[in-house]
Amino acid sequence: FEHFEVNSLEQLCINLANEKLQYFFNEHIFQMELAEYEKEGVVGVANVTYADNKPILDLILSGQGLIALLNSHCKLPGSSDERFLEQLTESFVTHKDYSPVSGSKTQFTLKHYAGNVTYDITEFLTKNKDSLPLDIVGCLRNTQNSLLRDVFDTNQGSKKGRGRQKQSVLLNAKAKLSASMKHARATLAREQKKSVTTIFKQSLSVLMARLSTAMPHFVRCIKPNADKDHGTFVEELVRVQLRYTGMMETARIRREGYSYRPLFKDFLAIYGPLAPATTPAAPVSVCESILRSCKIHDFCLGKTKVFLRYSAKEQLDKQLRVLNAHAAHLCAVAKGMLMRKRVVRMLQAREQQAQIIETFFSGIEMASLRARATVAKTTNGSSSASSAASATSELTASSFESTYPTTPRGFNGRPDIANVADVDRMRADSITWFKEKEMAKVQHKSRRSGQFAAWFHGVIPRVEAERRLAKKPSGTFLFRVAESRFGYSLSLVNNGKMKHFMVDVDDLGQYQIYGNETKFGSLQALVRYHRDNPVTSKNDFLLEACAAKESDVILA
């Protein structure tokens, strides 16, 4: 849309195109609004209106409109711009969108949708004719440039024209120009040349016909300032552009109707927490109960959507923010309580570990003192060697067995076997623990009595587990009884690599992979969970059990 200090025929054509596009935009948006309401069965929106700019279009484009009068004056001999303006005033003096400029004989004002624009009538007729003087046309028809000659010589393809052109070579330049002007005058009289406004009107009609058959999307470009400066925002310039592009009118139309219209499922996903305690199951009933409980009355429920004024959405958001603040506070309190309990457990474990370390080193120190005292009492080399061996034996038996404390409650493991001489006794203890407490839990309930789950391989060492899993696909796994502690070991193939995990059993009989926080009531539940959830972040799922025959399950 253009509005300058001096507006002429060019600005009228440009503003006419914008008027036509704005009319199409209004019709499209308004029809979409009504079609949406009709589709959803919403009633009571008849008060939605929009500013119709069809009168100004009729004033310019109708059969007795401004363009028609301009073309007729261009054909009349002796007509002038002033006479054209007088006829405009006589024809449209009562029209609401036309007004003459007081005290001016060359200006008139049109009321466009974007605002009033005053046009200067000077050279309206000349610009509309868009014709060159005959002497210039004759000169261009007689040029040696083939392109210009083809443009201005409309009869250059006829035999008669080519014959005259050959004869004209013999004439002098003045005679050639005179002949060319005579030919141009005859051509102009024979052909009916279209005016600028007629061509523009036809092009505009073609454009609107194409738009009417398409599904248009409207993009409005707004300049923040006229100087293209970074970080500069001129409010008045932006306000004028919003008004000229019809955005203010569009916003008014949406404000009069229901501007916020989410689907039922989207509405419940956002505002579901606001639903009362006793709420029906149907989505439309839940949406209605939420709106009623929030004291919102100006709304409509369609077949699939909720129709709300924008003020109602703000009211819902305000209440949701209050609820979210309470929920966040509750989460913070709960997390604080859980973390405090966790810190207490960590402090207790640290104290127990410190006590274990202190007792261990105290035992070593006492055993060392006893050994030194024994060595000091010896009087010869042989007795010294014998006493040293006795001291070493005492250090091993006393310090690493009697002085090493029992593992604290809640940590179901046993001392590192590197500090235990009798490995066979440790293995035997693990087998006894399994038979007395765990055997019935590992046996498969759906199979005959006494048969274990397919993934259980008994008490086998790590090397044997890796041998049984060799060349197995990724995700194959087995469980075995740990030889050095009361618990299990999980062996797993993951992308060609062997992985082993410790599985602890706490005092409540819950199973937990070392390093994970999740606990399970049985090994079967642990297997089912990690069938869909990886053990670690390396996508190591328990997909297929390494089936063991009855003869492969070692319990001795």
Side-chain angles (χ1 to χ4, degrees), residues 1-4 7-39 45-71 88 91-99 108-119 124 128 194-223 238-259:
F1 196 87
E2 292 189 352
H3 184 192
F4 303 134
N7 302 286
S8 188
L9 183 63
E10 299 89 338
Q11 282 69 47
L12 178 63
C13 292
I14 292 173
N15 293 342
L16 170 61
N18 281 280
E19 283 285 357
K20 195 71 175 178
L21 290 173
Q22 179 65 21
Y23 177 77
F24 176 77
F25 175 78
N26 286 343
E27 286 291 311
H28 183 74
I29 295 297
F30 186 66
Q31 289 177 3
M32 284 178 57
E33 289 283 307
L34 295 182
E36 180 75 10
Y37 294 145
E38 183 178 357
K39 176 183 176 181
V45 292
N47 59 335
V48 178
T49 60
Y50 70 101
D52 189 5
N53 63 339
K54 193 173 185 303
I56 184 66
L57 291 175
D58 292 339
L59 185 149
I60 300 174
L61 297 174
S62 66
Q64 299 296 325
L66 187 149
I67 290 179
L69 292 178
L70 179 60
N71 289 332
L88 278 182
S91 302
F92 303 116
V93 66
T94 59
H95 199 285
K96 68 182 184 66
D97 295 325
Y98 177 89
S99 59
F108 68 94
T109 301
L110 293 181
K111 184 180 179 182
H112 293 284
Y113 75 93
N116 297 339
V117 179
T118 299
Y119 296 95
F124 252 55
N128 190 45
K194 294 182 180 179
S195 65
V196 171
T197 54
T198 300
I199 297 174
F200 184 82
K201 182 178 177 181
Q202 292 175 351
S203 300
L204 187 59
S205 299
V206 172
L207 172 63
M208 301 313 299
R210 291 179 179 176
L211 289 177
S212 299
T213 59
M215 180 60 68
H217 296 270
F218 300 93
V219 178
R220 303 299 194 186
C221 299
I222 305 297
K223 295 180 180 180
V238 173
R239 188 180 299 109
V240 169
Q241 292 178 87
L242 290 175
R243 185 170 65 251
Y244 283 178
T245 54
M247 295 305 299
M248 306 296 286
E249 182 69 12
T250 305
R252 187 189 61 81
I253 293 174
R254 294 301 297 268
R255 188 170 61 249
E256 288 184 358
Y258 297 101
S259 58

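Heads up: numbering here begins at 1 and tracks the sequence.
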Quiz prompt | Minimum heavy-atom distance between N116 and K111, given as atom pair plus value | solution = OD1-CG, 3.1 Å
Self-check item: Student check: side-chain heavy atoms of K201 and T197 closer than 4.5 Å
Solution: no
Self-check item: Test item: Q11 side-chain N/O and S8 main-chain N/O as donor-acceptor pair under 3.5 Å
Solution: yes
Quiz item: Side chains of Y119 and N15: does their closest heavy-atom pair fall under 4.5 Å?
Solution: yes
Quiz prompt | Closest non-hydrogen atom pair between L59 and F92, with its separation | solution = O-CZ, 3.9 Å
Self-check item: Side-chain heavy atoms of Q64 within contact of S91, under 4.5 Å
Solution: no
Quiz item: For the side chain of N18 and the backbone of I14, is there at least one donor-acceptor N/O pair under 3.5 Å apart?
Solution: yes
Quiz item: Looking only at atom types and distance, does a side-chain atom of N7 sit under 3.5 Å from a main-chain N or O of F4, one as donor and one as acceptor?
Solution: yes
Quiz item: At what distance, to the nearest 0.5 angstrom, does CG of L61 lie from CD of E19?
Solution: 10.0 Å
Quiz item: Hey, is the main chain of Y113 close enough, under 3.5 Å, to the side chain of N53 for a donor-acceptor pair?
Solution: no
Quiz item: Is a donor on one side and an acceptor on the other found under 3.5 Å between the side chain of T213 and the backbone of R210?
Solution: yes
Exercise. Please say whether more than 12 non-hydrogen atoms of neighbouring residues, nucleotides or ligands are located less than 6.0 Å from CE in M248.
Key: no
Practice problem: Quick one: do L211 and L21 satisfy side chain to side chain contact (heavy atoms under 4.5 Å, CB included)? Show the steps, please. | Solution: CA-CA 9 Å; L211 289 177; L21 290 173; 3.7 Å; yes
Quiz item: Can you name the nearest heavy-atom pair linking N128 to L9, along with the distance?
Solution: N-CD2, 3.7 Å
Self-check item: Rounded distance (nearest 0.5 Å) linking atom CD1 of I56 with atom CG of L66
Solution: 8.5 Å
Exercise. Would you check if there is a donor-acceptor pair between the side chains of S195 and N71 at a distance under 3.5 Å?
Key: yes
Self-check item: N/O donor-acceptor pair under 3.5 Å between Q241 side chain and K223 backbone
Solution: yes
Practice problem: Work out which heavy atom in Y98 is nearest to a heavy atom in L110; give both atom names and the distance. | Solution: CD1-CD2, 3.7 Å
Practice problem: Test side chain to side chain contact (heavy atoms under 4.5 Å, CB included) on S99 and F108 and set out the steps. | Solution: CA-CA 6 Å; S99 59; F108 68 94; over 6 Å; no
Self-check item: Reported CG-to-CD1 distance for the pair L242 and I222, which is rounded to 0.5 angstrom
Solution: 4.5 Å
Quiz item: Going from CG on L70 to CD1 on I60, what distance comes out if it is rounded to the nearest 0.5 angstrom?
Solution: 11.5 Å
Self-check item: Interatomic distance, L207 atom CG to Q202 atom CD [nearest 0.5 angstrom]
Solution: 14.0 Å
Practice problem: Give a yes or no on this: more than 12 heavy atoms of other residues, nucleotides or ligands lie within 6.0 Å of atom CD of E38. | Solution: no
Quiz item: Checking side chain to side chain contact (heavy atoms under 4.5 Å, CB included) for the pair F200/L16: CA distance, chi angles, key distance, verdict?
Solution: CA-CA 10 Å; F200 184 82; L16 170 61; 4.2 Å; yes
Quiz item: If you round to the nearest 0.5 Å, how far is NE2 of H3 from NE2 of H112?
Solution: 9.0 Å
Practice problem: Take M247 and F218 through the test side chain to side chain contact (heavy atoms under 4.5 Å, CB included) and record every step on the way to the result. | Solution: CA-CA 11 Å; M247 295 305 299; F218 300 93; over 6 Å; no
Quiz item: For G63 and A68, which heavy atoms make the closest approach, and how far apart are they?
Solution: O-CB, 3.1 Å
